[in-house]
Amino acid sequence: MAETFTCPVCGYPGLSEPARFPGGGSSYDYCLSCGFQFGFTDDAEGYTYESWRARWISRGMPWEFIDIEPAPPGWDPQRQLDDLLRNGAPS
């Protein structure tokens with residue numbers, strides 16, 4: 001099974017790469033849950049993880065990429081967000 005990483009925005013544990021690499025570069029990967037693209041949404045559009053998280057929450061925490069991949073069975077955005085906030089964002 002391939003290693004997965006946690007989204008530092010919404011807590012989704014299914015990223016295929018870390019949001020940022022140890023040297024600081026972005027993965028340019030998308031989070032299927034909240035829609036954040038690391039290296040674009042932050043670096044080019046100026047959103048912080050916190051501001052995008054607030055935007056996602058205000059929209060009802062939807063699964064953003066339903067047309068690409070359906071949400072996993074049992075997906076619970078509130079639980080993943082609670083876990084993130086309780087445990088802290090991954091580095």
Closest heavy-atom pair and its distance - Gly11, Leu84 | N-CD2, 3.6 Å
Following the transitive rule for hydrophobic clusters with a side-chain heavy-atom cut-off under 4.5 Å over Ile, Leu, Val, Met, Phe, Trp and Tyr, establish whether Trp63 and Leu15 coincide in one cluster.
-> no
From the list Leu81, Asp76, Asp82, side-chain contact (heavy atoms from CB on, under 4.5 Å) with Arg79 holds only for Asp76
Closest heavy-atom pair and its distance - Trp75, Ser33 | CZ2-OG, 3.4 Å
Cluster overlap Ile68 with Phe40, hydrophobic side-chain contacts below 4.5 Å | no
Okay, side chain of Arg20, backbone of Phe38: is any donor-acceptor separation there less than 3.5 Å?
-> no
Between SG of Cys10 and CE of Met61, what distance do you get to the nearest 0.5 Å?
-> 10.0 Å
Side-chain heavy-atom pair Asp83, Arg86 within 4.5 angstrom cut-off | yes
Under 4.5 Å between side-chain heavy atoms, hopping through other hydrophobics if needed: is there a path connecting Trp56 to Leu32?
-> yes
So, for Leu85 and Arg53, which heavy atoms are closest and what is the spacing to 0.1 Å?
-> CD2-NH1, 4.2 Å
Is there a side-chain contact between Cys31 and Val9 (heavy atoms, below 4.5 Å)?
-> no
Considering all heavy atoms of both residues, which atom of Pro13 and which atom of Thr4 are nearest to each other, and what is their separation?
-> O-OG1, 3.1 Å
Sort out for me which residue in Tyr28, Tyr49, Tyr47 forms a ring pair (Phe, Tyr, Trp, His ring centres under 6.0 Å) with Phe36.
-> Tyr49
Here the gap from Glu17 atom CD to Glu3 atom CD, rounded to the nearest 0.5 Å, amounts to 11.0 Å
Which atoms form the tightest heavy-atom contact between Tyr30 and Gln37, and what is the distance?
-> OH-OE1, 3.3 Å
Which pair of non-hydrogen atoms, one from Gly35 and one from Phe65, has the smallest distance, and what is that distance?
-> CA-CE1, 3.5 Å
Might you work through the side chain to side chain contact (heavy atoms under 4.5 Å, CB included) test for Cys34 and Tyr12, ending with a clear yes or no?
-> CA-CA 8 Å; Cys34 70; Tyr12 177 60; over 6 Å; no
Give, for atom CG of Asp42 and atom OG1 of Thr48, the distance between the pair rounded to the nearest 0.5 Å.
-> 9.5 Å
